[in-house]
Amino acid sequence: MVLSRIGGGLVLATCACIVVAFLIASGHGAVGIGAEGFGGLVVIGAMVSLGLGAGLLALATPPDLRGRLIRAGLAVLALGLLILVPSAGARMDEPLIFALLIGGAIAWLGVIVTMIGLVWRPGRSRRLAITFLLGLLGAAVGGAIANVDPTSGPLDPLGLAIAALGGAVMLGSVATIGYIAVRSPVPAPANGAGQP
């Protein structure tokens, strides 16, 4: 399960990059795909880490996350992100913009399939998926509240707080997947192999 542990470590690295990106954005720094400076590099690092991590977990899924749909979703997510990365920063009038759109669509499809696979599997996987989806719902609702009207007074900070809480819940769910993979047991050597 060495590949699984490496994949889990890359997923955790993704979460660390997202936290750094949030801190940069909080300080009014430029963050996003194609953004210049450190903020852009952090986002690219998060995408590469998640793409490679998801790919490795699709090849070597830890016991708590096994399932055909989960593995297929992780593989599709990895493919989408690795298509997306080279197109980062593409302008609307460049051909690479199609790779950006296609990669993004494939990555979201991978997320959807992975979530369906996790929900389908009872126990820890299902709880993890439901937590992620609740966080996604919170982020969407909070974003909608914050964007109703910039002059809406207390609604704006309330919406931002709800969105931030939802994002934190989603990030925690992703980090949990990485933690599960990193903590996956290493199978004992067969027939006493490797014994002194």
Side-chain angles (χ1 to χ4, degrees), residues 5-57 74 77-78 80-91 96-97 100-101 103-104 106-108 110-112 114-115 118 127-183:
R5 289 187 167 191
I6 295 172
L10 288 168
V11 171
L12 291 174
T14 300
C15 296
C17 287
I18 292 172
V19 171
V20 171
F22 176 78
L23 293 175
I24 294 172
S26 298
H28 305 289
V31 173
I33 300 175
E36 294 184 1
F38 186 63
L41 291 176
V42 169
V43 172
I44 295 297
M47 291 167 56
V48 171
S49 295
L50 184 56
L52 294 175
L56 290 175
L57 291 180
L74 290 171
L77 172 61
L81 288 172
L82 296 178
I83 290 173
L84 194 59
V85 169
S87 62
R91 297 192 306 268
L96 273 177
I97 194 64
L100 182 70
L101 297 173
I106 292 174
W108 269 111
V111 171
I112 293 168
T114 302
M115 287 300 110
L118 289 170
R127 291 193 299 271
L128 199 57
I130 292 172
T131 303
F132 179 89
L133 293 173
L134 287 174
L136 179 61
L137 178 62
V141 170
I145 292 173
N147 289 318
V148 168
D149 183 359
T151 62
S152 56
L155 282 181
D156 190 40
L158 175 64
L160 291 175
I162 294 173
L165 179 61
V169 170
M170 292 169 61
L171 187 63
S173 300
V174 174
T176 302
I177 291 175
Y179 178 77
I180 289 171
V182 168
R183 297 285 296 172

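Counting from 1, the numbers follow the sequence of the chain as shown.
- The two residues Ala78 and Gly55 make their nearest non-hydrogen contact at CB-N, 3.5 Å.
- When every heavy atom of Leu133 is checked against every heavy atom of Met115, the shortest pair comes out as CD2-CG, 4.3 Å.
- Here the side chains of Leu57 and Leu10 are not in contact, with every heavy-atom distance at 4.5 Å or above.
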Test side-chain contact (heavy atoms from CB on, under 4.5 Å) on Thr14 and Val174; report intermediate values, then the result. CA-CA 9 Å; Thr14 300; Val174 174; 5.6 Å; no
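- Under the rule for a side-chain contact (heavy atoms from CB on, under 4.5 Å), the partners of Leu128 that lie at least two apart in sequence or sit in another chain are Leu65, Ser173, Thr176, Ile177, Ile180.
- Nearest heavy atoms, Ala181 versus Gly8: CB-CA, 3.6 Å.
- Taking both residues in full, the closest heavy atoms of Tyr179 and Leu12 are given as N-CD2, 4.0 Å, listed atom of the first, atom of the second, then distance.
- For the atom pair CG of Leu118 and CD1 of Ile130, the computed distance is 10.5 Å after rounding to the nearest 0.5 Å.
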Side-chain donor/acceptor pairs under 3.5 Å, residues 42-49, sequence neighbours excluded:
from: Ser49; atom 1: OG; to: Gly45; atom 2: O; distance (Å): 2.9

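- Shown here are the side-chain contact (heavy atoms from CB on, under 4.5 Å) partners of Ala163, two or more places apart in sequence or in another chain: there are none.
- Shown here are the side-chain contact (heavy atoms from CB on, under 4.5 Å) partners of Ala107, two or more places apart in sequence or in another chain: Leu77, Leu81.
- Applying the side-chain contact (heavy atoms from CB on, under 4.5 Å) test to Met170 and every residue at least two apart in sequence or in another chain returns Phe132, Leu136, Ala139.
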